[in-house]
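Each remark here refers to the structure printed beneath this line.
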Amino acid sequence: MRLSKYYIPTLKEDPADAEVMSHKLLMRAGMIRKLTSGIYTYLPTALRAINKVANIVREEMERAGAIEISMPMVQPADLWQETGRWGYYGRELLRMKDRHNREYCLGPTHEEVITDLLRGEIRSYKQLPLNLYQIQTKFRDEVRPRFGLMRGREFIMKDAYSFDADEAGAEMSYEAMYQAYSKAFERIGLSFRAVQADSGAIGGDFSHEFMVLAETGEDTIAVCEDVACGFAANLEKAKVASQPVDLKSETNIPEFSSVSTPGAHSVEEVCALLSAKASELIKTLLFSVDGEAVAALVRGDRELNEVKLRNLLGGNSIEMASPEQVIEWTGAPVGFAGPVGLQVKHIFADNELGYDRAWITGANTCDTHLKNVHLGRDVQIEQFADLRTIAQDDPCPQCGRAVHFTKGIEVGHVFKLGTKYSHAMNATFLDENGKEKTMIMGCYGIGISRIVAAAIEQNNDEQGAVFPPSIAPFEVCLIALGAKDEAVSIVAEDVYQKLLQLGIDVLYDDRKERPGVKFADADLAGWPMQLVLGSKGLANGIIEAKNRKTGQRVDLELSDFIKVFSKWHQDVWNVWGLDL
RNA sequence: CGGGGCAUGGCGCAGUCUGGAAGCGCGCCUGCUUUGGGAGCAGGAUGCCGGGAGUUCAAAUCUCUCUGCCCCGACCA
């Protein structure tokens with residue numbers, strides 16, 4: 001491609017509304033433009049990167065036995081009503097009506113459509129297993145779109161759905177997708193981790209997220225320091241190593257008594273006032289579950305994990321109690337709730353809270369706390385459970401060594417659905433005994449457009465983006481310098497043709513621009529390889545090659561260009577840990 | 001959905017408090033010079049100051065209202 005005839009509208013300044021690096025660079029490198037909140041046009045170079053990502057994913061899907069289809073974006077409401085998600089999915093689902101006043105939505109995901117398709121087609125176990133996928137634009141009406149392509153409302157996703165006759169088959173399908181995802185992200189050249197993820201009400205450990213490691217990631221993941229152990233989990237999922245609650249120990253704890261704690265709403269304030277450690281306090285957190293009060297107790301220095309609490313309650317939606325509800329339920333403003341004498345539907349306590357200690361808790365009276373509270377004697381705990389969020393340096397739930405935190409961007413999610421949708425939509429088949437059975441499903445998503453943003457988020461410097469060669473819009477940028485030296489453009493043209501013959505994606509910067517402009521644009525766009533031809537080099541029979549990632553420059557002999565270029569090409573991919 | 005902020009040539013911004021000629025930088029067009037890290041000089045084009053209503057002799061500026069966008073907290077590829 002000749003840049004003089006191409007379209008890459010670069011910007012010198014950061015756009016005012018871009019916050020994260022990938023958004024700024026995608027805008028500045030002339031890859032995307034915003035139409036409206038969370039909705040972007042992919043300009044030529046973004047589209048090329050997206051297509052490269054899609055092709056790698058497509059190859060790995062096909063290799064794993066998945067088959068590509070394309071389903072409609074517009075989906076009828078009645079399918080969603082059948083699974084109950086028309087109501088459950090909420091405002092994120094963009095709804096609309098046609099001229100006959102029939103209701104539709106724009107597809108945020110396709111479980112309903114695919115299940116509807118196959119329940120009409122699959123009659124026999126002989127037709128299973130089946131794994132169908134598509135790569136398509138999805139629409140989710142996010143409450144707050146942000147960060148450019150990282151969290152758009154419209155985005156490109158690969159979604160696959162597997163259908164199996166039995167559990168063993170479903171697990172194999174899941175495993176095949178897990179492997180295919182790992183392979184795809186490796187081939188793209190991303191530094192990533194597969195982590196255990198929350199699987200909500202369905203339960204089990206059959207859900208993994210694929211996280212691109214980047215400081216600006218929105219998710220936090222807990223990773224075991226022992227690489228051999230390999231434990232990695234989303235923070236909301238990570239189990240805390242179970243510590244048996246000592247339910248027997250009855251130490252000589254005196255009767256509990258009130259202490260005045262005027263104005264001390266927070267753990268820190270109470271600690272300061274009573275000269276206590278946060279770990280000697282119990283935080284009593286109140287939640288509203290279908291309008292009823294539920295209390296969850298965690299140690300003062302810990303964070304409650306709402307996902308764990310929700311799962312304990314069977315996956316119902318829970319809401320933090322409003323200040324008004326706290327007053328209604330405890331008789332005191334926020335900051336003074338405690339379990340003693342508390343009248344609520346459930347009182348749950350984190351495993352870490354034992355019977356062997358005297359605790360400080362709120363007194364359900366304004367400006368008052370209790371000390372010497374004994375959980376067995378003074379409070380009826382309905383259930384002890386793993387309720388808190390794992391902390392930095394906690395023991396790994398798998399091996400006991402320490403866990404560390406890192407940030408990640410979720411780019412893929414594999415999920416074993418079981419019969420959630422097939423049961424609701426009656427997708428059945430006859431097994432070898434002629435018995436009717438429900439298909440077992442899995443679903444597997446990859447954020448194609450998000451990967452492009454994540455790749456930039458993970459690879460950039462002061463000059464701009466640094467694309468992995470696997471997905472760079474162009475692998476090589478050929479820069480011809482010396483407008484007054486005609487020999488340069490003749491040789492540059494020859495090099496350009498040779499690169500095309502090698503099948504390289506090459507962008508030839510043949511613009512009548514000053515060198516500085518060309519260098520700056522090339523660095524900004526992040527082409528993995530730059531070839532610079534000027535009068536000086538030409539006089540010495542060489543073309544200068546720059547590896548964008550390492551900044552390393554080498555001279556390539558023009559007399560043997562194809563050979564020396566091919567070797568350097570290989571080297572650049574090797575630096576990324578990629579195979580050509 | 002709650003809290004905060006912004007809206008002025010293509011982009012980034014000043015001007016708004018205190019009403020009185022619509023400005024700056026970058027980009028764009030023309031010409032000359034320049035050409036190994038975002039050039040210099042000269043000339044030029046480009047604005048419903050987000051929309052509507054109001055106050056006033058007079059509104060980018062004050063009031064009301066609508067819309068759009070961004071940022072901070074609960075969901076997801």
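The shown structure was predicted, so the numbers you read here are calculated from the model rather than taken from an experiment. Just so we're on the same page: letters track the sequence lines, and every chain starts at 1.
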Whole-Å distance between B:rG38 C1' and A:E462 CD?
16 Å
In Watson-Crick or G-U wobble terms, both distances under 3.5 Å, what is the partner of B:rC17?
none
May I ask you to say what A:R553 touches in the nucleic acid, namely base, sugar-phosphate or nothing, with a heavy-atom cut-off under 4.0 Å?
base
N/O (side chain, A:T36) to phosphate O (OP1/OP2, B:rC69) under 4.0 Å
yes
Taking 4.0 Å as the cut-off, does a side-chain nitrogen or oxygen of A:S535 come that near to OP1 or OP2 on B:rG36?
no
Between B:rA59 and B:rG52, how many Å separate the two P atoms, rounded to a whole number?
14 Å
Report yes or no: is there a donor-acceptor pair, N or O only, under 3.5 Å between the side chain of A:R28 and the base of B:rG27?
no
Would you measure the distance from the C1' atom in B:rU8 across to the matching atom in B:rC1 and give it in whole Å?
31 Å
Are A:K308 and A:D350 ion-paired here, with the side-chain N under 4.0 Å from a carboxylate O?
no
Residues two or more places apart in sequence or in another chain: which of them pass side chain to side chain contact (heavy atoms under 4.5 Å, CB included) with A:T109?
A:W80, A:R85, A:Y89, A:E111, A:R140, A:Y161
For B:rC6, give the paired nucleotide (Watson-Crick: N1-N3 plus N6-O4 or O6-N4; G-U: N1-O2 and O6-N3; both under 3.5 Å), or none.
B:rG68
Check the distance between B:rG36's C1' and A:D523's CG and give it to me in whole angstrom.
13 Å
Within the structure shown, what part of the strands sits under 4.0 Å from A:D14 by heavy-atom distance: base, sugar-phosphate, or nothing?
sugar-phosphate
note: A:Y40, atom OH; B:rC70, atom C1'; distance rounded to Å ~ 10 Å
Lys/Arg-Asp/Glu bridge criterion (N-O < 4.0 Å) met for A:K183, A:E186
no
Nearest-angstrom distance, P atom, B:rG15 to B:rC62
12 Å
A:K158: partners by side chain to side chain contact (heavy atoms under 4.5 Å, CB included), with sequence neighbours left out
A:V57, A:M61, A:Y133, A:I135, A:A160, A:Y181, A:Y444, A:I446, A:I448
Please report the distance, rounded to the nearest Å, between CG in A:D17 and C1' in B:rA7.
12 Å
Test log, rule side chain to side chain donor-acceptor pair (under 3.5 Å), inputs A:D198 and A:N311:
CA-CA 9 Å; A:D198 177 48; A:N311 289 340; 3.0 Å; yes
Rounded to whole angstrom, note down the C1' distance from B:rC13 over to B:rC72.
24 Å
On a whole-Å scale, what distance lies between the C1' atoms belonging to B:rU16 and B:rA7?
13 Å
A:R28 with A:D14: basic N within carboxylate O range, under 4.0 Å
yes
Starting at CD1 of A:I479 and ending at P of B:rU35, how long is that distance when rounded to a whole Å?
19 Å
Could you state the atom-to-atom distance from NZ of A:K12 to C1' of B:rG10 in whole Å?
14 Å
Does the structure place the NZ or CZ of A:R48 under 6.0 Å from the centre of the six-membered ring of A:F474, at an angle of no more than 45° from the ring's axis?
yes
Does the distance from a Lys or Arg side-chain N to an Asp or Glu carboxylate O, for A:R153 and A:D141, drop under 4.0 Å?
yes
Considering every strand shown, what is the Watson-Crick or G-U wobble mate of B:rU30 when both distances are under 3.5 Å?
B:rA42
Ignoring hydrogens and geometry beyond distance, is the side chain of A:E544 in donor-acceptor contact with the base of B:rG36 at under 3.5 Å?
yes
For A:E13 and A:H23, find the nucleotide of RNA chain B closest to each by heavy atoms; which residue's nucleotide sits nearer the 5' end?
A:E13
Contact string for nucleotides 72-77 of chain B, one letter per nucleotide 5' to 3', B = base within protein heavy-atom range under 4.0 Å, S = sugar-phosphate only, - = neither, reads BBBBBB
Separation of B:rU35 atom P from A:D521 atom CG, nearest Å, is 21 Å
Find the partner of B:rU35: check Watson-Crick (N1-N3 plus N6-O4 or O6-N4) and G-U wobble (N1-O2, O6-N3) distances, both under 3.5 Å, and reply none if neither fits.
none
Is any side-chain nitrogen or oxygen of A:K34 closer than 4.0 Å to OP1 or OP2 of B:rC69?
no
Sort out the partner of B:rU61 for me: Watson-Crick or G-U wobble, both distances under 3.5 Å, none otherwise.
none
Pairwise C1' distance for B:rA42 and B:rG4, with rounding to whole Å
48 Å
A:R553 bridged to A:E544 by N-O distance under 4.0 Å:
yes
Looking only at atom P, what distance separates B:rG47 and B:rC24, rounded to whole Å?
15 Å
Under a 3.5 Å cut-off for both distances, is B:rG25 Watson-Crick or wobble paired, and to whom?
B:rC11
Please state how far atom CG in A:D141 lies from atom C1' in B:rC1, giving the value in whole angstrom units.
13 Å
Tell me which nucleotide, if any, is Watson-Crick or G-U wobble paired with B:rU56 when both distances must be under 3.5 Å.
none
